[in-house]
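Notes to accompany the following structure.
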Amino acid sequence: MILIVDDKAENIYSLKKLLEAKNFSVDTAMSGEETLKKVLKNNYALIILDVQMPGMDGFEVAETLSGFSKTKNIPIIFLSAVNTDKKFITKGYASGGIDYVTKPVDPDILLLKVKTFYRLYEQTLILNETQKNLQSEIEIRKKVQEELRKKVEHLHFTLESLPQIAFTATEEGDIDFVNKKWFGYSVTDKNFPPVHPEDKDIFQEWSIAMLTDSLLEMEVRIKKINGEAYRFHLLRIVPIKEDGRVVKWVGTFTDIEDQKQIEKKKDEFLSIASHELKTPLTSIKAYVQLLERSLKAEDNSPVGTYIHRVQSQLDKLQNLITDLLDISKIENGKLKLNKRPFCLSSLIDNVVNTIKHTYGNVQLEILQEGERLDREIIADENRVEQVLINYLTNALKYAPDSDKIIIKTEKMREFVKVSVTDFGTGISENNQKSIFDKFYRVEETSVKFQGLGIGLYICSEIIRQHNGDVGINSKLGNGATFYFTLPLNYN
Ligand code: ADP
């Protein structure tokens with residue numbers, strides 16, 4: 001809005017008409033005092049100010065306006081019929097006015113000036129707004145930076161108080177903080193502590209994890225700068241993500257040497273115990289067999305039934321010992337595969353027949369998807385059979401109410417997938433994650449069914465050694481599908 005100030009109503013009238021004809025909104029005041037009251041109340045883009053007025057003259061008004069922060073930047077065009085003298089014009093500028101027009105007013109010139117000032121006013125408004133926004137943006141950034149600094153400080157403090165060696169790194173993998181413990185193992189804060197010559201290179205492993213922004217977990221042997229023996233440490237490097245993007249990595253080395261030693265002793269015990277148990281068991285089986293044979297065929301006494309029961313319990317015992325032996329073989333890297341060509345479909349048929357024979361009333365359905373598996377694949381037949389039997393006996397054991405088990409083979413381009421589906425209680429998503437772990441048993445079922453929780457672990461190791469994959473698809477209450485894949489290494 002433009003404010004016209006003049007003590008003569010006729011002057012105001014003609015100017016008002018002129019500006020309103022050009023769509024400017026206009027307000028008026030007839031004295032300096034009225035002007036001051038109005039400018040404090042309203043916002044004006046421009047003031048057209050008559051110099052000669054009774055009471056406060058135009059220059060006094062302008063001087064007063066320049067003293068208030070609200071009004072000091074309002075442009076003023078002075079109008080005067082008499083003060084054309086240069087010194088008056090200078091006074092007009094000094095008191096805060098921006099332009100000076102002498103009467104009689106040339107309407108075109110005045111309009112041009114008004115338009116220019118108005119545009120200037122609008123631009124100033126925009127500039128002020130932009131500056132305000134920028135200022136608040138700067139404030140926000142400062143606050144964010146301060147918060148970030150505090151977070152980093154807090155993180156460093158936490159890492160410093162850990163008993164582990166700890167560090168952080170930038171998103172590109174440059175180490176940018178290490179705690180004091182670090183220097184017990186590495187002389188520089190830029191390189192990882194040197195690892196045992198037989199262990200994998202940390203940076204190399206980490207750069208693989210970085211490709212997928214995923215957590216790195218590996219066991220490495222490191223030693224104290226002044227110490228002699230290497231000790232096993234679990235290294236974990238965790239990506240910290242913001243909006244799905246890695247912004248930092250936080251790493252720790254945890255000393256697991258004592259656990260490793262205990263685990264080694266346990267493995268040794270398992271290995272010795274299962275070996276020692278195997279020998280007497282073999283003799284017991286042989287004697288029971290002799291006993292069975294020495295019983296006369298026509299002997300109807302309950303001894304025969306007892307012997308059969310003993311034999312079935314001995315078989316169970318033998319399976320357990322074989323599993324334990326397998327575990328110790330896996331732990332010692334001695335699970336050797338005897339790969340030879342064989343027909344997977346025939347193996348499945350044989351296993352199905354054996355299971356049907358043993359578990360009489362079970363309905364087993366075999367489905368085939370993709371091309372037929374006629375060509376022989378190269379793998380360890382006995383071990384693959386062991387995996388399939390394990391899946392099937394688990395289905396029978398843990399899904400006793402399931403009236404059907406489906407065995408499906410799917411031939412893919414480079415793999416064959418064999419899956420066993422039952423319609424039992426299934427396994428919750430939470431338990432699925434660990435189901436192939438050593439000694440893992442689902443708590444709810446472990447009370448009802450006996451077992452050691454090693455069958456699936458052995459299966460996964462056998463398949464892993466074949467460069468295949470194991471997995472499970474299940475929904476609690478909706479049955480389970482256990483599968484394994486084998487690469488199609490053809491004969
Ligand atoms: P074990 O049978 O000796 O416990 P496994 O390694 O074969 O060991 O199985 C591990 C666990 O997985 C079992 O204890 C059981 O809780 C669960 N499980 C395996 N197969 C099934 C299945 N088909 N349905 C439901 N749970 C199963």
Side-chain angles (χ1 to χ4, degrees), residues 263 266-267 270 273-274 277 281 312-331 335 348 351-352 354-356 358-359 361-367 382-409 417-466 468-485:
E263 234 173 82
K266 183 202 72 198
D267 288 341
L270 264 183
S274 42
L277 284 171
L281 183 69
S312 113
Q313 293 303 321
L314 282 176
D315 285 342
K316 280 190 185 164
L317 197 56
Q318 193 176 29
N319 286 341
L320 271 178
I321 292 173
T322 316
D323 276 356
L324 286 176
L325 265 173
D326 277 349
I327 289 261
S328 73
K329 278 186 198 158
I330 291 168
E331 301 304 317
L335 185 85
I348 294 173
V351 169
V352 167
T354 317
I355 296 278
K356 273 183 179 163
T358 325
Y359 294 84
N361 53 349
V362 193
Q363 189 197 339
L364 292 169
E365 201 174 297
I366 307 178
L367 295 179
N382 289 337
R383 290 295 183 184
V384 174
E385 182 182 50
Q386 182 182 346
V387 174
L388 187 59
I389 290 181
N390 210 310
Y391 280 9
L392 281 168
T393 45
N394 270 357
L396 289 159
K397 180 169 156 189
Y398 295 107
D401 301 332
S402 175
D403 55 357
K404 184 166 74 172
I405 295 169
I406 300 174
I407 306 161
K408 188 159 114 185
T409 48
K417 181 174 176 184
V418 180
S419 44
V420 174
T421 302
D422 65 58
F423 299 88
T425 48
I427 296 161
S428 72
E429 221 169 287
N430 215 15
N431 283 319
Q432 287 176 31
K433 285 182 221 140
S434 324
I435 203 86
F436 288 95
D437 290 355
K438 193 168 42 169
F439 301 124
Y440 189 85
R441 306 201 73 221
V442 178
E443 218 176 306
E444 298 81 50
T445 44
S446 60
V447 214
K448 221 162 130 195
F449 306 100
Q450 283 182 341
L452 288 179
I454 51 180
L456 289 177
Y457 170 70
I458 295 171
C459 292
S460 76
E461 283 300 315
I462 290 173
I463 297 298
R464 202 175 56 81
Q465 286 210 26
H466 278 89
D469 206 5
V470 292
I472 174 178
N473 295 315
S474 177
K475 253 194 185 156
L476 198 58
N478 269 332
T481 298
F482 283 87
Y483 65 83
F484 65 86
T485 64

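Both backbone and side-chain heavy atoms feed into the values below; hydrogens, waters and symmetry mates do not. Counting starts at 1 for both ligands and their atoms, in listed order.
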| query | Which pair of heavy atoms, one from L335 and one from Q465, lies closest together, and at what distance? | reply | O-OE1, 3.1 Å

| Donor-acceptor contact below 3.5 Å, side chain T393 vs main chain N390 | yes

| For T485 and I463, which heavy atoms make the closest approach, and how far apart are they? | O-CG2, 3.5 Å

| note | Lining ligand 1 at under 4.0 Å, by non-hydrogen atom distance, are residues N390, N394, A395, K397, Y398, D422, I427, I435, Y440, R441, V442, T445, G451, L452, G453, I454, G455, L456, F482

| query | Which distance, rounded to the nearest 0.5 Å, do you find between the OG1 of T425 and the NZ of K448? | reply | 7.0 Å

Ignoring hydrogens and angles, write down the donor-acceptor pairs under 3.5 Å from the side chains of residues 469-482, residues two or more places apart or on other chains.
residue, atom, partner, partner atom, Å
S474, OG, I427, N, 2.9
S474, OG, G479, O, 2.8
T481, OG1, T421, OG1, 2.9

| task | Check for a donor-acceptor pair, side chain of K408 on one end and backbone N or O of K417 on the other, with a separation under 3.5 Å. | result | no

